[in-house]
Amino acid sequence: MRRKQKQRWARLRAWLTPPRTLKVTRIGRTYLVVTFGVGLGALNTGNNLLYLLLGLLLSMVVVSGVLSERCLRDLSVRRVGTDEAFAGEPFAFRWALSRKQGHAFALTLSEEGAPLAGGGGVGYLPAGVEHVVRANLTAPRRGPVRLTGVRVTTTWPLGLFAKTRVLPVEGTLLVYPRRGYACQDPGDAERGPVGEAGNPRRNDGSGDVTGLRELAEGEDARRIHWLKSASVGKLLRVEREREERRTWMLVVESGLQGDALERRCEEVAALSHRLLGEGHEVGLDTGDQRIRSGAGTAQERRILRALAWLGFEDERAEKDEEAA
């Protein structure tokens, strides 16, 4: 029921929205004031030269409207998107813009109706070529951002007016939590080495030094301790303890809302990034969802996606229903 109401409102807004919007630029306002002054002078004096100048100024307005309309025709846009977006940070965003025939000039692109700041532009767009427009956008908050269309604006040819056309392209941008710092430690690991001495039988790692022994044939020469080898007269290699991977299960307490939930999501994102960067395994428990422990960048991406959807379960269910 709720999704149908949203669709009705979206159709109503689309029906009420004019196909083109026009905004007067700063230069355009000056131009219109000058045109108005020339018109008053022509009416008061009856000077033919002023009438001729007034006609020229008005004809330039008409020419500007016709040429800018030609720039916005036959355009098609495809949203390429971004690899990842974090709240409060600029991220690279891309659109693929093309047109069937003719040429377009001075086009700027941005997202219509979305809380995303920033945009990109292209100076010249020939026909039959798909041009990728890049922009640095900024999202103010974490969570899914519903994208309804791409706004294409041109000020060509005289810069007097900014004519805009909105191309409907549906999509969703998932914004990860803001990257900050964690005020709290992650706590004790679920699994890891017992005590501070580690396991002396697990050597050949990159941890603490456990001893020296004679270099065997075929072993890596980078492990040789040259100073000790020179003192005893034979090649000795360093044995280091193998660092064992630890496991943490990070928890987002259920019942958090508002700023408390945002702050906790940022802390968990910062902790998972730090622990995964150190080579450990990290899992996530949000009460309704539990992600098994894992390592690597793919695991961090799974945790960030879960944190981004936290608190927006209704929108996620609608998106899954639409996909089905």
Side-chain angles (χ1 to χ4, degrees), residues 7 10-28 31 56-86 89-139 144-175 301 319 322-324:
Q7 291 177 348
R11 285 196 294 269
L12 181 60
R13 285 196 300 269
W15 186 74
L16 294 175
T17 303
R20 304 285 189 276
T21 58
L22 194 66
K23 181 179 178 182
V24 183
T25 63
R26 180 182 297 178
I27 299 176
Y31 186 89
L56 177 63
L57 294 175
L58 292 178
S59 64
M60 294 302 293
V61 174
V62 176
V63 169
S64 174
V66 172
L67 293 180
S68 61
E69 177 62 27
R70 290 178 62 87
C71 277
L72 297 180
R73 284 183 180 177
D74 299 324
L75 288 177
S76 61
V77 63
R78 180 171 57 88
R79 185 180 290 115
V80 180
T82 181
D83 296 333
E84 58 184 13
F86 291 87
E89 298 181 13
F91 57 89
F93 200 86
R94 298 178 294 276
W95 302 275
L97 184 65
S98 62
R99 64 179 299 154
K100 297 179 182 177
Q101 57 184 359
H103 304 273
F105 305 90
L107 299 176
T108 58
L109 280 74
S110 60
E111 290 293 338
E112 170 69 14
L116 300 175
V122 52
Y124 171 62
L125 180 67
V129 177
E130 188 177 63
H131 184 83
V132 177
V133 181
R134 294 174 174 81
N136 288 329
L137 303 184
T138 305
V145 177
R146 191 177 186 86
L147 306 177
T148 58
V150 180
R151 186 191 304 118
V152 184
T153 303
T154 182
T155 58
W156 196 76
L158 302 177
L160 303 178
F161 306 97
K163 182 174 285 187
T164 301
R165 176 189 177 189
V166 177
L167 302 174
V169 184
E170 295 286 338
T172 301
L173 172 66
L174 188 61
V175 181
R301 187 66 61 89
K319 185 174 183 296
E322 291 175 358

**Student:** Give the minimum heavy-atom separation between Leu173 and Ala85, together with the two atoms involved.
**Tutor:** CD1-CB, 4.4 Å
**Student:** Under the side chain to side chain contact (heavy atoms under 4.5 Å, CB included) criterion, do Phe91 and Leu137 qualify, and how do the steps go?
**Tutor:** CA-CA 6 Å; Phe91 57 89; Leu137 303 184; 3.7 Å; yes
**Student:** Taking all non-hydrogen atoms of both residues, which atom of Arg78 and which atom of Glu130 are closest, and how far apart?
**Tutor:** NH2-OE1, 3.0 Å
**Student:** May I have the step-by-step check of side chain to side chain contact (heavy atoms under 4.5 Å, CB included) for Lys23 and Phe161, ending in yes or no?
**Tutor:** CA-CA 6 Å; Lys23 181 179 178 182; Phe161 306 97; over 6 Å; no
**Student:** With a 4.5 Å limit on heavy-atom distance, are the side chains of Leu72 and Arg20 in contact?
**Tutor:** yes
**Student:** Between the main-chain N or O of Ala162 and the side-chain N or O of Thr153, is there a donor-acceptor pair closer than 3.5 Å?
**Tutor:** no
**Student:** Does Arg99 use its side chain to pair, donor to acceptor, with the backbone of Arg73 at less than 3.5 Å?
**Tutor:** yes
**Student:** Give a yes or no on whether the backbone of Thr108 and the side-chain of Arg151 come within a donor-acceptor separation of less than 3.5 Å.
**Tutor:** no
**Student:** Search all heavy atoms of Leu147 against all heavy atoms of Arg79 and return the closest pair with its distance.
**Tutor:** CD1-NE, 3.4 Å
**Student:** Val150 pairs by side-chain contact (heavy atoms from CB on, under 4.5 Å) with which of Leu97, Leu109, Val166?
**Tutor:** Leu109
**Student:** Give a yes or no answer on whether the side chain of Ser59 reaches the backbone of Leu56 with a donor-acceptor pair at less than 3.5 Å.
**Tutor:** yes
**Student:** Check Gly119 against Ser110 and note the closest heavy-atom contact, atom names and distance.
**Tutor:** CA-CB, 4.5 Å
**Student:** Looking at every non-hydrogen atom in both residues, tell me the closest pair between Pro144 and Thr172 and how far apart they are.
**Tutor:** CB-CG2, 4.0 Å
**Student:** Would you indicate whether the side-chain heavy atoms of Val24 and Leu160 approach each other to under 4.5 Å?
**Tutor:** no
**Student:** Indicate yes or no: does Lys163 engage Glu69 in a salt bridge with an N to O separation below 4.0 Å.
**Tutor:** yes
**Student:** Counting C-beta onward and ignoring hydrogens, is there a side-chain heavy-atom pair between Val152 and Val77 closer than 4.5 Å?
**Tutor:** no
**Student:** Could you tell me the separation between the CZ atom of Phe93 and the CG atom of Leu116, rounded to the nearest 0.5 Å?
**Tutor:** 7.0 Å
**Student:** Enter the distance from Ser64:OG to Leu158:CG here, rounded to the nearest 0.5 Å.
**Tutor:** 5.0 Å
**Student:** Does the side chain of Cys71 come within less than 4.5 Å of Phe105's, by heavy atoms?
**Tutor:** yes
**Student:** Which value, rounded to the nearest 0.5 Å, describes the distance between Arg70 atom CZ and Gln101 atom CD?
**Tutor:** 8.5 Å
**Student:** Donor-acceptor pair, Tyr31 side chain versus Leu57 backbone, under 3.5 Å?
**Tutor:** yes
**Student:** Taking atom CD1 of Ile27 as the centre, does the number of heavy atoms from other residues, nucleotides or ligands within less than 6.0 Å exceed 12?
**Tutor:** no
**Student:** Which pair of non-hydrogen atoms, one from Arg301 and one from Asp83, has the smallest distance, and what is that distance?
**Tutor:** NH1-O, 3.8 Å
**Student:** Is the closest side-chain donor-acceptor distance between Ser68 and Thr154 under 3.5 Å?
**Tutor:** no
**Student:** In Å, rounded to the nearest 0.5 Å, how long is the span from NE2 of His131 to CH2 of Trp95?
**Tutor:** 12.0 Å
**Student:** Checking Leu174 against Val145 for the side chain to side chain contact (heavy atoms under 4.5 Å, CB included) test, could you report, in this order, the C-alpha distance in whole Å, the side-chain angles of both residues, the deciding distance, and whether it holds?
**Tutor:** CA-CA 6 Å; Leu174 188 61; Val145 177; over 6 Å; no
**Student:** Calculate, to the nearest 0.5 Å, the distance between atoms CG and OG1 belonging to Leu167 and Thr148 respectively.
**Tutor:** 11.5 Å
**Student:** Counting distance only, does the side-chain N/O of Thr25 pair as donor-acceptor with the main-chain N or O of Gly28 below 3.5 Å?
**Tutor:** yes
